[in-house]
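Okay, here's the structure, questions in a sec.
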Amino acid sequence: GDYGIFAYGNTTGGHFGDLDSSGYANAGYSTYKIYGSGTVSFVQNHPTEKDKVIVYACPEGDEVATYTRGTAKLVNGEAHVKLGETFQWVTNPDIGLTAHLTPHGEAVPLAVSSLSTTELVVKGPKDGPQNLTFDYIVYGLRIGFEESSIVQEKQQESYIPSFKDHRERYAKYPELRAYNALERFKTMESSVSGVPESSIDLSRAKALKEAIHEYDPGTDPPVEDLLGHNGGEAPGVETSAPKSHSHSLSQQEVEPPEPSVQAENAQKSPKAEQTLASTEPVIKAESFPVADSVKAGDVLVMLADNGEALHPCASTADPMVAGIALTDAKDGFALIAGSGFTVVKADATLHPIARGDLLVSSPIPGHAMKAPKPAEQGTVIGKALESLESGTGMIKVLVMIR
């Protein structure tokens with residue numbers, strides 16, 4: 001759909017890994033938007049060299065920090081600076097506030113008289129300039145994140161990702177090396193200490209890096225062996241997280257009574273332990289081969305290259321839509337409603353569903369969503385008989401594939 005990817009799971013919303021570098025990121029994991037071994041960076045076009053880009057990395061620390069900054073002026077030796085209104089809404093008001101001050105023009109000592117999430121009070125010396133301009137920056141702790149654990153048990157290898165591609169870039173374009181942090185700080189250190197850049201002692205940094213280890217794609221095990229295939233879970237590491245990554249439905253789920261079904265090919269149909277249907281008298285249904293993952297209420301589609309078996313839908317407005325499962329898969333079969341009244345797993349995360357809306361397949365596996373207007377021929381699974389304002393849930397539907 002318009003969002004591109006929806007990802008749900010009981011442990012993490014999504015896991016992304018680079019098989020060459022070992023860099024990985026979990027999205028929507030625990031209290032973290034992004035949790036991984038690399039940096040968070042932005043890329044922007046170089047303003048003068050059209051064949052290059054600038055890559056900046058976000059600052060990283062041992063706390064979840066907030067900040068606000070600006071420029072103010074002493075009036076009669078004192079300044080009462082109102083901080084940005086939103087700063088007080090996201091920042092702990094009791095602990096963790098730090099202010100930095102930088103005077104303009106003169107080397108004048110400035111003092112923080114008082115500091116809160118709403119106001120910074122600054123004083124200058126009595127015998128100094130009384131109307132001095134200064135810059136300020138105030139840091140705080142993001143409210144609710146003060147207890148984020150910094151040292152955690154290892155869930156998987158989190159090496160320094162391989163810098164092979166950076167080294168190859170410098171080999172091809174050696175002039176770009178001067179822009180990186182190592183070279184800039186070596187130049188600064190040399191200018192301050194007088195020691196040539198080639199003689200600066202970096203042994204402690206080397207020892208720390210070796211203790212953490214940079215992934216070497218030439219000698220280390222393959223990344224898929226290090227990180228595993230189950231959402232990044234490393235082989236041999238036991239966690240309390242559930243294996244299932246299925247999406248939990250909302251409290252709008254319903255358990256309607258047993259249906260009255262006209263079943264074709266009933267001799268093939270296994271007994272179903274769970275059945276979904278409405279109170280309407282007749283559903284035209286057929287026992288059909290299905291994937292083992294099929295559950296009652298799933299929107300099912302045909303796969304062009306996978307024989308007869310029907311599978312839960314996984315894309316928006318799939319033209320291969322075939323019906324709605326009335327029963328869980330059992331022995332490779334399930335009862336499939338091709339017409340009539342039943343219930344379906346519904347997805348209103350993007351658009352609310354109103355009674356009477358046409359429904360098509362959703363990117364959330366097995367779910368139906370409101371059809372775009374106009375609906376393309378062959379994509380409609382049915383018509384909603386109940387509304388769903390948001391989220392996911394079960395609603396009654398008139399199955400009418402067209």
Side-chain angles (χ1 to χ4, degrees), residues 33-34 38-49 52-148 150 176-197 200-202 204-205 208:
K33 288 180 289 190
I34 301 293
T39 63
V40 177
S41 301
F42 76 78
V43 182
Q44 190 165 291
N45 286 344
H46 195 295
T48 59
E49 300 184 41
K52 295 181 177 64
V53 294
I54 308 298
V55 182
Y56 260 42
C58 293
E60 299 170 337
D62 59 358
E63 63 186 19
V64 182
T66 59
Y67 81 92
T68 186
R69 66 188 180 97
T71 301
K73 189 174 185 178
L74 298 176
V75 177
N76 298 323
E78 187 171 292
H80 291 257
V81 182
K82 298 297 182 184
L83 301 180
E85 187 175 12
T86 58
F87 186 67
Q88 64 180 298
W89 298 337
V90 298
T91 304
N92 189 308
D94 297 321
I95 59 171
L97 292 172
T98 305
H100 298 268
L101 309 172
T102 305
H104 285 202
E106 299 184 55
V108 175
L110 297 174
V112 176
S113 178
S114 67
L115 177 61
S116 70
T117 56
T118 60
E119 185 181 57
L120 166 68
V121 180
V122 177
K123 289 186 177 181
K126 293 181 178 179
D127 56 351
Q130 300 295 293
N131 298 289
L132 181 74
T133 299
F134 63 92
D135 294 329
Y136 66 87
I137 184 168
V138 177
Y139 287 101
L141 298 175
R142 182 175 170 185
I143 191 69
F145 286 77
E146 303 88 342
E147 293 185 278
S148 294
I150 306 305
L176 299 181
R177 182 179 289 276
Y179 297 110
N180 73 39
L182 175 62
E183 298 302 322
R184 290 191 299 108
F185 276 88
K186 283 167 61 176
T187 300
M188 285 184 266
E189 181 70 18
S190 177
S191 66
V192 171
S193 66
V195 176
E197 290 185 30
I200 295 175
D201 184 8
L202 299 174
R204 290 178 299 174
L208 179 59

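Everything numeric here is computed off the predicted structure, so don't read it as measured data.
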Contact summary for Ala99 and Val138, nearest pair of heavy atoms: CB-CG2, 4.2 Å
Summary of salt bridge (charged side-chain N to carboxylate O under 4.0 Å, His left out) pairs that have at least one residue in residues 110-122, sequence neighbours excluded: Lys82-Glu119
Distance-minimising heavy-atom pair for Pro93 and Thr117: CA-CG2, 3.7 Å
Sequence neighbours excluded - side-chain hydrogen bond (donor to acceptor under 3.5 Å, both in side chains) pairs with any residue from residues 95-116: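 Matches after skipping sequence neighbours: His104-Asp135, Ser116-Thr118.
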Gln88 (side chain) donor-acceptor with Thr86 (main chain) under 3.5 angstrom: no
Taking every non-hydrogen atom, the tightest pair across Gly124 and Leu110: CA-CD2, 4.0 Å
Listed once per pair and sorted, the salt bridge (charged side-chain N to carboxylate O under 4.0 Å, His left out) pairs that draw on residues 58-79, sequence neighbours left out: Glu78-Lys123
Non-hydrogen atoms of Thr66 and Thr91 that approach each other most closely: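 Nearest pair, atom of Thr66 first, then Thr91: OG1-OG1, 2.9 Å.
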Heavy-atom donor-acceptor pair, Ser191 side chain to Met188 backbone, under 3.5 Å: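 Yes.
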Chi angles and distances behind the side chain to side chain contact (heavy atoms under 4.5 Å, CB included) call for Tyr136, Val122: CA-CA 10 Å; Tyr136 66 87; Val122 177; over 6 Å; no
Flag if over 12 foreign heavy atoms under 6.0 Å of CZ, Phe145: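 More than 12 within 6.0 Å, yes.
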Interatomic spacing from CG in Asn76 to CG in Asn131 - rounded to 0.5 Å: 6.5 Å
Atom pair CD1 (Ile137) and OG1 (Thr71), whose distance is rounded to the nearest 0.5 Å: 11.0 Å
Ionic contact status for Glu189 with Lys186, cut-off 4.0 Å: no
Qualifying residues under salt bridge (charged side-chain N to carboxylate O under 4.0 Å, His left out), relative to Lys33, sequence neighbours excluded: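 For Lys33 there are no salt bridge (charged side-chain N to carboxylate O under 4.0 Å, His left out) partners, ignoring immediate neighbours.
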Closest contact, heavy atoms only, Phe87 versus Tyr139: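 Minimum heavy-atom contact is CZ-C, 4.3 Å.
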Passing candidate, side-chain contact (heavy atoms from CB on, under 4.5 Å) with Leu120, options Leu97, Val81, Thr68: Val81
Set of residues satisfying side-chain hydrogen bond (donor to acceptor under 3.5 Å, both in side chains) with respect to Ser41, sequence neighbours excluded: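 Once residues adjacent in sequence are excluded, the partners of Ser41 under the side-chain hydrogen bond (donor to acceptor under 3.5 Å, both in side chains) criterion are Thr39.
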Heavy-atom side-chain contact between Ile143 and Asn92 under 4.5 Å: yes
Heavy-atom pair with the smallest gap, counting every atom of Arg177 and Glu183: O-CG, 3.2 Å
Glu147 CD: over 12 foreign heavy atoms closer than 6.0 Å: no
Tyr56: ring-ring contact (aromatic ring centres under 6.0 Å, His included) partners, not counting sequence neighbours: Phe42
Asn45 CG to Thr48 OG1 distance, which is reported to the nearest 0.5 Å: 11.0 Å
